[in-house]
Every structure is written in C-alpha cells, then in structure tokens.
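These notes concern the structure reproduced below.
For ligands, and for the atoms within them, numbers begin at 1 and follow the listed sequence.
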Amino acid sequence: MTTKCVLGVDLGTSAVKVSAVTRAGTILAQQSFDYPLNQPQPGYSEQNPNDWVMSTTVAIVRLILDDQIRPEDIEGISYSGQMHGLVLLDKQYQVLRPAILWNDTRTTKQCAEIDQLLGDQFVKITGNRPLEGFTLPKLMWVKENEPEIWKQAELFLTPKDYVRYRMTGTLGIDYSDATGTTLLDLHTNQWSDVICDACGIPKRILPPLVPSGEKVGTITAQYAEFSGLSQQTVVFAGGADNACGALGAGILTPNKVLSSIGTSGVILKYEAQPNDEYQGQVQLEDHVIPNAYYSMGVTLAAGYSLSWYHRTFCEDQSFDEMIETAAQAPKGAHGLLFTPYIVGERAPYADANIRGSFIGVDARQQRADFTRAVIEGITFSFRDLLNIYRSQQSDFDTVVAIGGGAKSDFWLQLQADIFNTPVTKLANEQGPGLGAAMLAAVGLGWFPDFQACAEVFVTTQRVYQPNPLNVAKYDELYQSYQAIYPATKDVSRALQRFQA
Ligand SMILES: Nc1ncnc2c1ncn2[C@@H]1O[C@H](COP(=O)(O)OP(=O)(O)O)[C@@H](O)[C@H]1O
Ligand SMILES: O=C(CO)[C@@H](O)[C@H](O)COP(=O)(O)O
C-alpha cells in the first residue's frame, strides 16, 4: 500500500530533523542528524553551511532506506530554519565564509552604529531594535572586518534558504526570515531603501522575496541522484523556525502563547497586525501565514544551557537520567539559583556581555541540585519573557510547549508551576518540523487553508495544570532570580577580559 506524505525539514541549531507526515497528520517516520557549533572566539557562533546540506541528505536517505518511505510517495517538501544566520555567497553561489549564527554576539559595535544612524526610525520600519543576532549587523561586520570577502559577496541567504537552494537550484528568502534580517520594511513587505542606504548595504546582495507557502520548484536531477528523492517532488519555500513552530503548535489566535525550548528559548504570540506598542521590547516578525505576524521574546541559551551543563558536568548520565535526578531534588534546589546567560542575553535584557551564574552554592548541595537549578533558571528566564506580555495587559490563557524541553513531563509541570498558567503538550510533537510539513500540505492543496490543516495535524495530548502550592514557592524564588541580573551585570563586564 502506498502512503502519500510530505517532508518537513527542521534545520535547527543542534541538528536537522526531517519528518514524513501523511495527509491525516500521522508522523510516518522522523530522522535527525547533528552538526557541530563552532565558537572560535568568545561571543562567536558559526556553522558550516555544507554540514547542514550533508546532514539533511543523511536524514532523507535514512527515511528512504531505513524507514522505507518511497520517494514517489513524497509529494512535497518544505522547511523551517534557525533564524537570522548569515550565509554569504560569491558569483558562483559558493559559500564565502562560515555562517554567522543567530546566537553570535560579535556585532555590538554595529548595533550601536545602527542605533545612532536611524534611532527610533529603525524600530518603526522593522518592528525591532538592532540586536546582535540579526542579519543586518552581521553584514555590516563582514563589510568592516573582512573587506576581501565583502568584495566577493554577490548574495546572502539565511540557513534554510541555502539548503533549499542546494536541493532545487532556486534562490530566495521567505518573508518570515526576511523580517528576521531587519532589512525588510514590516509595513510594506519590501526591502527597505532607508535601512540599506543608511547602513551601506547594496540592494543587489538581497535575495528575491517569496511567500512561505509558495512553490519554488522541484528537486534538481543532481540532488535527486545524491539523495534518492524524486525530481517530481514539489518544493515550497518554508519559513523561520519560530513561525513554523507556532504554526505546528496551532498558535493561530492571540489567546495562545508558544513556549519553545530548543537551543534558544522562545515565548511567542500571534499578532493579527504589526503591533507597534512593543517598541522593540520583543521581536516583531512576519508569520508564515499570509497577512499575519507574531511577536516573541528570546532567551539565547535555553536548551543550550542544559546541553552545556550535561556536556560539562554529567557526561556519565544520559540526558533522561540527568533530568530524572533533577526531578528528585527539592524545589529551589536547596537554595541554589542559576541564570542562563552563558552566551549573553537578548530579552528582556539585550546584553551581549552578561554571563550566567550559580548563586547560593552551599556545602550540602549535590549534583542533582545543580541540575535542578539549571532547569529552574531556564524556566525563570521564560517567566521574564511572559512578564513582558503580562505588563502589556496581553490576554492569553494557554501556553503550548514545544522543542527538546517539551519531551520531559517534569519540565512541562515545572513550566505550568513557574508560569502559573496551564501548559499544553501536543500529541506528535515535532516542533517546527510539523509547521514546515503543514506549509507543504497546504501548498499541495491537501487543505484549503492553515486552519483546516491545523484541525487535522495539531492535537493536544495532555494539559499540565499549575499546582497552587508550587506556584507560591516559585513566586518567592522568582523574586530572588530577578535580583540576579542587576547584581551581576558589572561583575560580568569586569570578568570579560579573562574569557579569551
Ligand atoms: N530528553 C530531553 N528532555 C528535556 N530536554 C531535552 C531532552 N533532549 C534534549 N533536550 C534539550 O532540547 C534542546 C534541543 O532542542 P531542539 O528543539 O531539538 O533544538 P534545536 O531546534 O535548536 O536544534 C537541547 O539543547 C537540550 O537541552
Ligand atoms: O534567534 C532566534 C529567534 O530570533 C532563535 O530562536 C533561532 O531561530 C534558533 O532557534 P533554535 O535552534 O533554538 O530552534
């Protein structure tokens, strides 16, 4: 029996995950493959774009060979990608340098320049404040620091657009990733002449714009031979991972908020209009859904803090065992708090120089207390993001959790207790990969629109209710957590010169 399916390619920061999804929303199979993240200097974060292509290909080959997904049954493919990363290409569309990623903070100087050049006008045009992670300051950094490479630059792409280019031979960027460059005028959906002129970015290096759900081509003969895919498979543009994550979690109305614990951490809200009340306090981006937007606050190192902690202190335990021991430790980890600022922070503190801390270290504490403090600290940083919305009197009654962090029941209950809001776990949680698959499913005409697709693809498995006793305890701990950023700001700065 043949089962028609679509592939959702989720190009994350830790790995690529490719899911094969049927018309009924069933996940037939999923394959993933990791790639390294390189930090050649403090504050730098880079990946090799070729690693993304190779890993995506391995995942697809495994779906075909190990999971027996027949290439002729794969009707469509679409993508979700880590946002903001700069892939710089020369005239032959060869990669000129390693990709500079969203969590790279080398561009503080360029952000200050943008602020000086454009001030509030930048926020009005893009919906965002200039922050180190965005693509525009990265372009300015290359122009200033690597003039030889800049001279050869013909075009830039964001990560998933580069992978799509290698599979189809067509160049372009979708609107959700284009807003994440902060070169797009959010109100006209055109590249902004004002920003390009002020910041010295030639318009010729900007890629063509394309809607996320649009068909951009088919698989090239060369890539079909390389991967085993059929040349008949239709390819749709795809979108930013957080936009796809929101779609795949059914965040289609403003009463629902997304909590995504991937490498980064994200609290995201659907916006029917480009809400200018945020004034850059949170990011504002085009959605993958036409004529819709979303806002989000981002913690730079959410899952990354836990992966760092695991790699550095608990390599003798599996990830699941490590989390299990944390669940046995008491709430508040015997008086230990952790702040997850290990690569700097983006929201609510836009501060590339802040660094993380353990506060309250006591001779009675065990390793499990430290693990618990890391998980609690990451979750407190999400509460900081939720507070931005709460302070705007934003109405929401449900948090839907996705990402690596949503795999654990313990962490899901902890989110409900720390947020004091019900937290929903999805059945078939594939994170942004499901949103990518939905772009292909709607693009192929399997469904009339995203709402109809979400009704079939997105189902709730369980809702975690906040426990009032735990809520009270975490409220108290959170007061102390909030005091850590102002108290450690100057200390972090003073320690900076020892980082190299
Ligand atoms: N079993 C688990 N339980 C809880 N968290 C996990 C588990 N496995 C991985 N994680 C966390 O999930 C993160 C990766 O999430 P993922 O959504 O795959 O990230 P990305 O899209 O950035 O590659 C890791 O950094 C890790 O901290
Ligand atoms: O920079 C942002 C959003 O602005 C990050 O959320 C990236 O999009 C990376 O996402 P993950 O790899 O953590 O999913």
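For the pairing with Asp10, the side-chain hydrogen bond (donor to acceptor under 3.5 Å, both in side chains) check across Ser32, Ser19, Ser80 returns one residue only, Ser80.
Remark: Phe338 engages Phe358 in a ring-ring contact (aromatic ring centres under 6.0 Å, His included) (not counting sequence neighbours). The ring-ring contact (aromatic ring centres under 6.0 Å, His included) check on Phe457 picks up Phe447, with sequence neighbours excluded. For Tyr389, the ring-ring contact (aromatic ring centres under 6.0 Å, His included) test picks out Tyr278, with sequence neighbours left out.
The closest donor-acceptor contact from the side chain of Gln283 to the backbone of Gly280 lies at 3.5 Å or more, if one exists at all.
When ring centroids are compared, Tyr309 and Phe313 come within the 6.0 Å threshold. For Phe134 and His84, the distance between ring centers is under 6.0 angstrom. The ring of Tyr294 has its center no closer than 6.0 angstrom to the ring center of Tyr270.
Residues Gln47 and Trp52 meet the side-chain proximity criterion, which asks for heavy atoms closer than 4.5 Å. Side-chain atoms of Lys17 and Gln430, non-hydrogen and from C-beta on, never get closer than 4.5 Å to each other. Counting only heavy atoms from C-beta outward, the side chains of Phe156 and Leu96 never approach each other to under 4.5 Å.
Closest protein heavy atom to atom 4 (C) of ligand 1: Ile323 CD1, 3.2 Å. Nearest protein heavy-atom contact of atom 1 (N) of ligand 1 is Asp320 OD1, 2.8 Å. The protein heavy-atom contact nearest to atom 7 (C) of ligand 1 is Phe319 CD2, 3.4 Å.
Near Leu306, with a cut-off below 4.0 Å to any heavy atom, the atoms of ligand 1 are 27 (O). Close approach of ligand 1 to Gly405 is summarised as follows: ligand atoms under 4.0 Å from at least one heavy atom of the residue are 5 (N), 12 (O). Ligand-side atoms of ligand 1 in range of Gly12: 21 (O), 23 (O), range being under 4.0 angstrom from any heavy atom. Heavy-atom contacts of Gly403 reach the following atoms of ligand 1: 17 (O) (cutoff under 4.0 Å). When each atom of ligand 1 is checked for a heavy atom of Tyr304 under 4.0 Å away, the hits are 25 (O).
Checked against a 3.5 angstrom limit, the closest N/O atoms of Ser307 and ligand 1 fall inside it. For ligand 1, none of its N or O atoms has an N or O atom of Asp10 under 3.5 Å away. Residue Gly303 has at least one nitrogen or oxygen atom sitting less than 3.5 Å from a nitrogen or oxygen atom of ligand 1, judged on distance alone. Remark: ligand 1 and Thr263 share an N or O pair separated by less than 3.5 Å (distance only, no angle test). Geometrically, ligand 1 and Gly262 share no nitrogen or oxygen pair separated by less than 3.5 Å.
For Asp174 and Ser176, the side-chain atoms include at least one donor-acceptor pair closer than 3.5 Å.
At least one heavy atom of Lys17 sits closer than 4.0 Å to an atom of ligand 1.
At most 12 non-hydrogen atoms from other residues, nucleotides or ligands lie less than 6.0 angstrom from CD of Gln366.
Using a 4.0 Å cut-off between charged side-chain N and carboxylate O, Arg367 and Asp316 make a salt bridge. Ionic pairing of Glu113 and Lys109 is present here: one or more N-O contacts between side-chain nitrogen and carboxylate oxygen are shorter than 4.0 angstrom.
Looking at Ala15 against ligand 1, only its backbone comes within 4.0 Å, counting heavy atoms. With a heavy-atom cut-off of 4.0 Å, Ile402 does not touch ligand 1 at all. Contact annotation: for Asp241 versus ligand 1, there are no heavy atoms closer than 4.0 Å.
Residue Gly404 holds the heavy atom nearest to atom 5 (N) of ligand 1 of all those in Ser80, Gly404, Ala406, Ser14.
Protein residues having at least one heavy atom under 4.0 Å from any atom of ligand 2 are Thr13, Gln82, Met83, His84, Trp102, Asp241, Asn242, Gly262, Thr263, Ser264, Val266, Gln283, Met296, Val298, Arg346, listed by chain and number.
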